[in-house]
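Below is one structure; the comments refer to it alone.
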Amino acid sequence: MATLSEITSLCKRRGFIFQSSELYGGINGFWDYGPLGTELKRNIRQAWWRDMVSWHNPLLAPAGAPAAFAMVGIETSVIMNPQVWKVSGHYDLFQDLMVDCRETKLRYRYDQLRGRWAEARGRKIFITADPDAEDEFDFVSRRASKLFKVPTGSPELKWASDFMSLSQIAVEDFVGVLAPQAQAPGTLSEPREFNLMFKTYVGALTSEEHAAYLRPETAQGIFLNFKNVIDSSRVRLPLGIAQIGKSFRNEITPRQFTFRSREFEQMEIEFFCHPSTSEAWYRYWRDRRLRWYFDLGIKPANVRLREHDKRELSHYSRGTADIEYAFPFLPAGDFGELEGVAHRGDFDLRSHMEGKLDPNSNPLLVERDSAGQPRWRGSGKNLAYRDERTNETYIPHVIEPSAGVDRALLAFICDAMQTDEAPDDTGTLRQRSVLRLSPRLAPVKVAVLPLVRKDGMPEIARDIHNALVRHVAVQYDEKDAIGRRYRRADEIGTPLCITVDGQTLRDNTVTFRNRDDLSQWRVHVNDCEAEVRRFIGA
RNA sequence: GCGGGCGUAGUUCAGUGGUAGAACAUCAGCUUCCCAAGCUGAGUGUCGAGGGUUCGAUUCCCUUCGCCCGCUCCA
């Protein structure tokens, strides 16, 4: 399989992906799409939108679906009322305080590091536990006896406190804190803020009361408009609302080409249904979304569906599955997330009604501050749904398939990139670089080529090109030998070539040539468009 | 954010303390009746950016930006 540098150099050489602001040395975590990349990306969005939204038939239950359902699309703003992110939980979650260990270079979440004070041989040290330790009591005991050089369980070692969070310890006292993997105390930095949301200011004044955030996901825009859509669109549950749009996250370490970017595009559906049917809908969406990648030509061997186990799940969720791809730049056996399909229960709608819910409470309760008030106040609006046929009112459960456009594009390119062998005109096998993209996704569907640049062939080929140009993405190429033109088409994934040759002059047929198996067949000049459409399935 | 490596033409790379080359790609022409053929010709780089040392820096030093790898992070 291709390496990351082979992928990035092909993407640059052929105009799929460039580094953003490359002229000025680039900017970490941002990417531009070139002419072919833009077409490919549009085709991915279009395939998703058609398959999920515009080609959806609300009168028939799709294969495997529990029932027929409605599906509409919306497009919401990137910047929203900041309260949205407080209620959604992103504000708390994305403003993590971290501490770094200067000795081991390890970083810990400030609120996750726990430990207890230990006293021996005249020294008092706060011994922290590794957050991943199976048994923090055991971990801390062993660390303490090693530090003080006393046997475990020795009466010399006294515990001066119970377990407590590092955040309860003053920063001045960090000199007496032993980090989980450090040899000596006092190696932890002061807690530092890592704000993962992009902050901006609305209006001309740069003051905190005008602060706002670029959305870190498109989903919240859908939740906020659930009631608007219901009230305006004559749709009933079960209902999917879809959106494609940009999102922004201040990733600490953008890496791996476009896989982890700070500006990225999402294709998300929030699917609203009755709580009693939500598990069946969850399974339906999980399986359907996985199949979508297969239908667009991703090799099943490179994809896996990873169901989160019970410990990873919030208790309110009946399931979350990641659709993952074996990106060639990841270590062998590792997969990277393309899409997450999550059963979110009524967490989001209820949070926007009542105030931010505590995801760890069971049953779900509004998170309160010390005064007993909601930590983050909800809208107070009623987002319950009334089924007018059964007269039942309920808060819908939500299934959320959330896909990354840029990640899908990268996976499609990685999966399609191949080097195989094809004979040259002397019959010897030569390396051929070919992009086996699905015809639906290919940026160029067909290349029209005169076999040689004489005998009127270019004129006929131009006529064919001109007839196709309003209907399919077509390229005309008369430069260089025919074999070289085929290879150029192969390298950018053009699935079909139409060649005007000597026989065309006699009987008005042209040669169609298939990118994948090099097969050829003849088609009448007047039937070119129909044949292209048949082949690419559009 | 930490540690390591790297940055020369569109791409892959060579090279030198005296301002740069190859292959492929690109463009033009000739030739060419089916899979990267041949011939002729052309263009391309402020050697990532800024500063320093030096008579002189792409080359040595510092800073910075970017890329890759490992940690960390990844709702």
Side-chain angles (χ1 to χ4, degrees), chain A residues 3-6 8-15 18-30 34 85 88-96 98-109 181 189 192 194 196-197 216-217 219-220 247 249-257 259-262 312 314 320 322 329-331 336-337 340 342 344 347 359 400 402 421-434 449-455 457 478-491 497 499-505 510-511 513-515 518-520:
Chain A
T3 65
L4 183 55
S5 60
E6 284 170 333
T8 51
S9 68
L10 176 93
C11 283
K12 175 151 198 215
R13 193 155 40 85
R14 289 302 178 192
F18 307 124
Q19 198 177 9
S20 169
S21 2
E22 191 191 85
L23 229 47
Y24 289 98
I27 176 166
N28 196 324
F30 298 90
W85 308 113
S88 72
H90 289 87
Y91 183 83
D92 291 338
L93 198 69
F94 277 24
Q95 301 232 101
D96 289 343
M98 308 289 290
V99 290
D100 290 312
C101 175
R102 283 182 281 262
E103 179 190 318
T104 61
K105 308 299 181 197
L106 296 171
R107 171 176 294 159
Y108 305 94
R109 273 181 60 169
Q181 305 295 338
S189 69
R192 286 181 290 187
F194 286 80
L196 265 41
M197 278 200 291
E217 62 169 34
Q220 295 304 320
S247 295
R249 288 181 202 183
N250 249 326
E251 296 288 351
I252 294 172
T253 315
R255 280 286 167 91
Q256 280 135 353
F257 201 27
F259 182 76
R260 175 160 293 123
S261 304
R262 288 178 164 144
E312 279 182 277
S314 313
T320 293
D322 287 345
F329 47 77
L330 298 174
E337 185 183 340
R344 297 192 54 81
F347 181 86
E400 177 185 84
S402 168
E421 293 190 322
D424 67 11
D425 68 335
T426 64
T428 49
L429 285 175
R430 306 274 306 243
Q431 289 257 303
R432 179 177 79 131
S433 167
V434 55
L449 320 165
L451 185 60
V452 291
R453 199 160 25 166
K454 61 179 186 184
D455 300 337
M457 291 182 199
E478 60 175 32
K479 175 75 185 156
D480 298 318
I482 187 69
R484 189 191 295 253
R485 282 177 277 161
Y486 284 149
R487 299 304 164 84
R488 276 203 288 262
D490 292 338
E491 196 179 21
C497 291
T499 306
V500 172
D501 52 27
Q503 196 179 330
T504 311
L505 305 173
V510 293
T511 300
R513 180 257 196 192
N514 179 334
R515 172 195 72 198
L518 310 180
S519 65
Q520 302 195 342

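First the proteins, then the strands, lettered A, B, ... as listed; each starts at 1. FYI, side chains are in, hydrogens and waters are out, and symmetry mates aren't considered; it's all heavy atoms of this structure.
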| note | Rounded to whole Å, the CD-P distance (A/E478 to B/rU32) equals 16 Å
| field | Spacing of A/D480 atom CG and A/R487 atom CZ [to the nearest 0.5 Å] | value | 13.0 Å
| note | Between CD of A/E6 and P of B/rA25 the distance, given in whole Å, is 18 Å
| request: Starting from C1' on B/rC35, measure out to CZ on A/R485 and report it in whole angstrom. | output: 11 Å
| task | For B/rG18 versus B/rA57, give the span between their C1' atoms, rounded off to a whole number of Å. | result | 10 Å
| Heavy atoms under 4.0 Å, any strand shown: does A/E217 hit a base, just sugar-phosphate, or nothing? | base
| field | Nearest-angstrom distance, P atom, B/rC62 to B/rA22 | value | 33 Å
| field | C1' atoms of B/rU59 and B/rG17, separation to the nearest Å | value | 7 Å
| said: Please name the nucleotide paired to B/rC27 by Watson-Crick or G-U wobble geometry with both distances under 3.5 Å, or report none. | reply: B/rG41
| message | How long is the straight-line distance from CG of A/L451 back to OG1 of A/T504, given to the nearest 0.5 Å? | response | 8.5 Å
| note | Checking N1-N3 plus N6-O4 or O6-N4 for Watson-Crick, or N1-O2 and O6-N3 for wobble, each under 3.5 Å, the partner of B/rG7 is B/rC65
| request: Ignoring the backbone of A/K454, work out which of B/rG66, B/rU32, B/rA36 is nearest its side chain. | output: B/rU32
| said: Is it the case that B/rC33 (base atoms only) and A/D501 (side chain only) share a donor and an acceptor within less than 3.5 Å, ignoring hydrogens and angles? | reply: no
| A/Q19, nearest nucleotide to its side chain (from B/rU11, B/rA36, B/rC67) | B/rC67
| request: When you get a sec, tell me which of B/rU11, B/rC69, B/rA36 is the closest nucleotide to the side chain of A/F329? | output: B/rC69
| request: Both distances under 3.5 Å, Watson-Crick or G-U wobble: report the partner of B/rG70, or none. | output: B/rC2
| message | I'd like the P distance from B/rG51 over to B/rU44, given in whole Å. | response | 26 Å
| query | Where the side chain of A/R484 is defined as all heavy atoms beyond and including C-beta, which of B/rU32, B/rA36, B/rC34 is the nearest nucleotide? | reply | B/rA36
| In terms of side-chain heavy atoms of A/R453, which of B/rA25, B/rG29, B/rC35 is nearest? | B/rG29
| task | May I have the distance from A/M457 (atom CE) to B/rC34 (atom P), rounded to whole angstrom? | result | 10 Å
| request: Report yes if a donor N or O on one partner sits less than 3.5 Å from an acceptor N or O on the other, where the partners are the side chain of A/R513 and the base of B/rC34; otherwise report no. | output: no
| C1' gap between B/rG56 and B/rU64, integer Å | 25 Å
| query | Roughly how far apart, to the nearest Å, are B/rU63 and B/rU53 at atom C1'? | reply | 15 Å
| remark: Between the CD atom in A/E6 and the OG atom in A/S433, the distance rounded to the nearest 0.5 Å is 9.0 Å
| query | Nearest of B/rC33, B/rA36, B/rG10 to any side-chain atom of A/D455? | reply | B/rC33
| query | For B/rA57, which nucleotide in any strand shown is its Watson-Crick or wobble partner with both distances under 3.5 Å? | reply | none
| request: Indicate, with a heavy-atom threshold strictly under 4.0 Å, whether A/N28 touches base, sugar-phosphate, or nothing. | output: sugar-phosphate
| Residue met sooner reading RNA chain B from 5', once A/G502 and A/G29 are mapped to nucleotides | A/G502
| said: Rounding to an integer number of Å, can you tell me how far A/D490 CG sits from B/rC35 C1'? | reply: 8 Å
| query | Going from CZ on A/R14 to CD on A/E491, what distance comes out if it is rounded to the nearest 0.5 angstrom? | reply | 4.0 Å
| query | Would you find a donor on one side and an acceptor on the other, under 3.5 Å apart, between the side chain of A/R484 and the backbone of A/K479? | reply | no
| field | Gap between atoms CZ and C1', on A/R262 and B/rC65 respectively (whole Å) | value | 13 Å
| query | Which of the following nucleotides, B/rU26, B/rC35, B/rC33, is nearest to the side chain of A/R487? | reply | B/rC35
| query | Between A/E22 and A/R488, which is nearer to the 5' end of RNA chain B once each is assigned its nearest nucleotide? | reply | A/E22
| said: Whole angstroms only, please: what is the CZ-P distance between A/F257 and B/rC69? | reply: 12 Å
| At under 4.0 Å, does any side-chain N or O of A/K12 touch on OP1 or OP2 of B/rG10? | no
| request: Measure from the side-chain heavy atoms of A/Q520 and tell me the nearest of B/rC35, B/rU11, B/rU31. | output: B/rC35
| query | What distance, rounded to whole Å, do you find between the two C1' atoms, one in B/rC47 and one in B/rA9? | reply | 10 Å
| Nearest-0.5 Å distance, CD of residue A/E478 to NZ of residue A/K454 | 14.0 Å
| said: Pairing check on B/rU16: which nucleotide meets the Watson-Crick or G-U wobble criteria with it, both distances under 3.5 Å? | reply: none
| message | Between the base of B/rC34 and the side chain of A/Y486, is there a donor and acceptor pair under 3.5 angstrom? | response | yes
| field | Separation of atom CZ in A/R13 from atom C1' in B/rU26, rounded to whole Å | value | 12 Å
| query | Base, sugar-phosphate alone, or nothing: which one does A/K479 contact when heavy atoms must sit under 4.0 Å apart? | reply | base
| query | Among B/rG66, B/rU32, B/rC34, which nucleotide sits nearest the side chain of A/I482? | reply | B/rC34
| query | Looking across every strand, which nucleic acid part, if any, lies under 4.0 Å from A/T511 by heavy atom: base, sugar-phosphate, or nothing? | reply | base
| query | What integer number of Å spans the C1' atoms of B/rG66 and B/rU8? | reply | 16 Å
| field | Sub-4.5 Å side-chain heavy-atom contact between A/Y486 and A/C497 | value | yes
| query | CD1/A/I482 to OG1/A/T499 distance, rounded to the nearest 0.5 angstrom? | reply | 4.5 Å
| task | May I ask you to decide if A/Q503's main-chain N or O and A/D501's side chain share a donor-acceptor pair within less than 3.5 Å? | result | yes
| Under 4.0 angstrom, heavy atoms only, what part of the nucleic acid is A/S9 near: base, sugar-phosphate, or nothing? | sugar-phosphate
